[in-house]
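Following: one structure in structure tokens, then a few remarks.
First listed ligand is number 1; within each ligand, the first listed atom is number 1.
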Amino acid sequence: MSRLVVKDLAKSYGETRVLERVSVTAAPGEFLSLVGASGCGKSTFLKIVLGQETATAGTLTVDGRPVPPEPTTDRGIVYQRYSVFPHLTVRDNLVLVADLKHGGPLARVFGPKRRTARDEADALLERVGLRHAADLYPASLSGGMQQRLAIAQTLLGRPKILLLDEPFGALDPGIRVEMHALLLEIWAEHRMTVLMVTHDIGEAFKLGTRVLVFDKVRRDPQFPGAYGATITYDLPLDRKTRPAAPTDAGVIPGPVLQRSA
Ligand SMILES: Nc1ncnc2c1ncn2[C@@H]1O[C@H](COP(=O)(O)OP(=O)(O)O)[C@@H](O)[C@H]1O
Ligand SMILES: [Mg+2]
């Protein structure tokens, strides 16, 4: 888990301003749900936290240090449709990632490290309920199982910050509820700091300790790209110390509306 501090962050693509004056602090182990209209810059914000995009202005630090300009395993991301490697079995999808982590592809050839990677892979598969599918190929998995695999791959990096970009948006409602339970369990175990973008406001309130709303406060009808989105509401849900319990997860607490900035 890590403390994330974002100050006055802005992002433009050419003449188009996507984000402006974004400031937020996430305490270690907090679970921030990010909501907002399509196209308002939520994915862009996650990419900046990941180090895959750079901010045009402002600062972003993780545990007091600027974010390295490229992704590292301590910040892991799961997308709505994650491209797991289709030509590798479920287990080998994890072994490959573990291998890379333990010393690059050459380590694959040699004994002890390969066993370490395999053991680690199997332990994680057990954890996400995919042990029985270890020898299958991704194409034969359901959407929920593929997302479990994607989450397992990300967990291999032991991320201190877990970024989720509409991770369950493509799943059936029943599977989504299962994935919520899995995510809350993993979060309770590791207490990583989580930033999750979702279209589903119920999901945002159910899982988060805070809900951040991204929106534009200024608009120019002549030039939609003139202004960017910022965080217009920051709703604390007071779940910081509450252990994740799937039984109470369906309750949507009454938020205290606090206009931020
Ligand atoms: N690489 C890029 N180059 C140019 N424009 C981009 C790029 N990535 C995103 N955008 C634009 O930035 C805006 C925000 O996109 P995005 O962060 O994906 O929004 P959201 O995730 O909230 O739907 C959109 O208008 C999108 O077209
Ligand atoms: Mg997006």
Side-chain angles (χ1 to χ4, degrees), residues 4-24 26 30-60 62 67-71 75-84 143-144 146-147 150-151 153-154 159 161-173 176 179-180 183 193-208 210-235 259-261:
L4 175 74
V5 181
V6 178
K7 279 192 193 140
D8 256 335
L9 185 133
K11 175 70 184 174
S12 299
Y13 288 110
E15 298 283 286
T16 304
R17 183 150 270 235
V18 176
L19 295 168
E20 62 185 29
R21 292 184 297 148
V22 174
S23 293
V24 61
E30 267 201 294
F31 191 136
L32 271 49
S33 295
L34 280 51
V35 298
S38 183
C40 77
K42 305 177 298 295
S43 294
T44 300
F45 181 67
L46 286 194
K47 284 179 196 159
I48 294 170
V49 177
L50 185 66
Q52 195 180 312
E53 285 281 357
T54 48
T56 312
T59 60
L60 194 157
V62 174
V67 168
E70 56 191 44
R75 283 156 295 141
I77 191 160
V78 175
Y79 299 100
Q80 183 175 112
R81 291 180 196 280
Y82 190 84
S83 45
V84 293
Q146 291 204 26
Q147 271 314 58
I151 289 172
Q153 265 185 339
T154 301
I161 297 186
L162 178 62
L163 306 169
L164 303 162
D165 198 349
E166 305 189 24
F168 312 130
L171 304 180
D172 293 336
R176 213 176 299 162
M179 297 299 288
H180 291 168
L183 176 58
T193 308
V194 180
L195 273 65
M196 178 188 73
V197 171
T198 177
H199 263 119
D200 179 343
I201 193 82
E203 183 173 272
F205 279 97
K206 171 179 169 181
L207 299 178
R210 267 161 84 186
V211 175
L212 305 181
V213 181
F214 281 71
D215 198 4
K216 289 186 181 186
V217 288
R218 298 181 290 177
R219 285 171 212 276
D220 180 344
Q222 306 302 321
F223 182 40
Y227 301 108
T230 189
I231 296 170
T232 51
Y233 288 95
D234 185 341
L235 316 173
R259 186 100 190 171
S260 77

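The shortest distance between side-chain heavy atoms of Phe31 and Leu183 falls below 4.5 Å.
A distance of 5.0 Å separates CZ in Phe223 from OG1 in Thr16, rounded to the nearest 0.5 Å. Here Thr230 contributes atom OG1 and Arg218 contributes atom CZ; the two are 9.5 Å apart, rounded to the nearest 0.5 Å.
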- Task: Start with the C-alpha gap between Tyr233 and Val211, add the side-chain angles, then the distance that decides, and say whether side-chain contact (heavy atoms from CB on, under 4.5 Å) holds.
- Result: CA-CA 8 Å; Tyr233 288 95; Val211 175; over 6 Å; no
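Among Leu34, Asp215, Val22, Val217, the one residue that satisfies the side chain to side chain contact (heavy atoms under 4.5 Å, CB included) test with Ile231 is Val22.
The Mg ion (ligand 2) has an N, O or S atom of Ser43 inside 2.8 Å of it.
In this view, Ser33 satisfies the side chain to side chain donor-acceptor pair (under 3.5 Å) rule with no residue, not counting sequence neighbours.
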Quick one: table the atom pairs, ligand 1 N or O against protein N or O, below 3.5 Å, distance rounded to 0.1 Å.
| from | atom 1 | to | atom 2 | distance (Å) |
| --- | --- | --- | --- | --- |
| ligand 1 | 8 (N) | Tyr13 | OH | 3.4 |
| ligand 1 | 17 (O) | Ser43 | N | 3.4 |
| ligand 1 | 17 (O) | Thr44 | N | 2.9 |
| ligand 1 | 17 (O) | Thr44 | OG1 | 2.6 |
| ligand 1 | 19 (O) | Gly41 | N | 3.2 |
| ligand 1 | 21 (O) | Ser43 | N | 2.9 |
| ligand 1 | 21 (O) | Ser43 | OG | 2.8 |
| ligand 1 | 22 (O) | Cys40 | N | 3.2 |
| ligand 1 | 22 (O) | Gly41 | N | 2.9 |
| ligand 1 | 22 (O) | Lys42 | N | 2.8 |
| ligand 1 | 22 (O) | Lys42 | NZ | 2.8 |
| ligand 1 | 23 (O) | Gly39 | N | 2.7 |

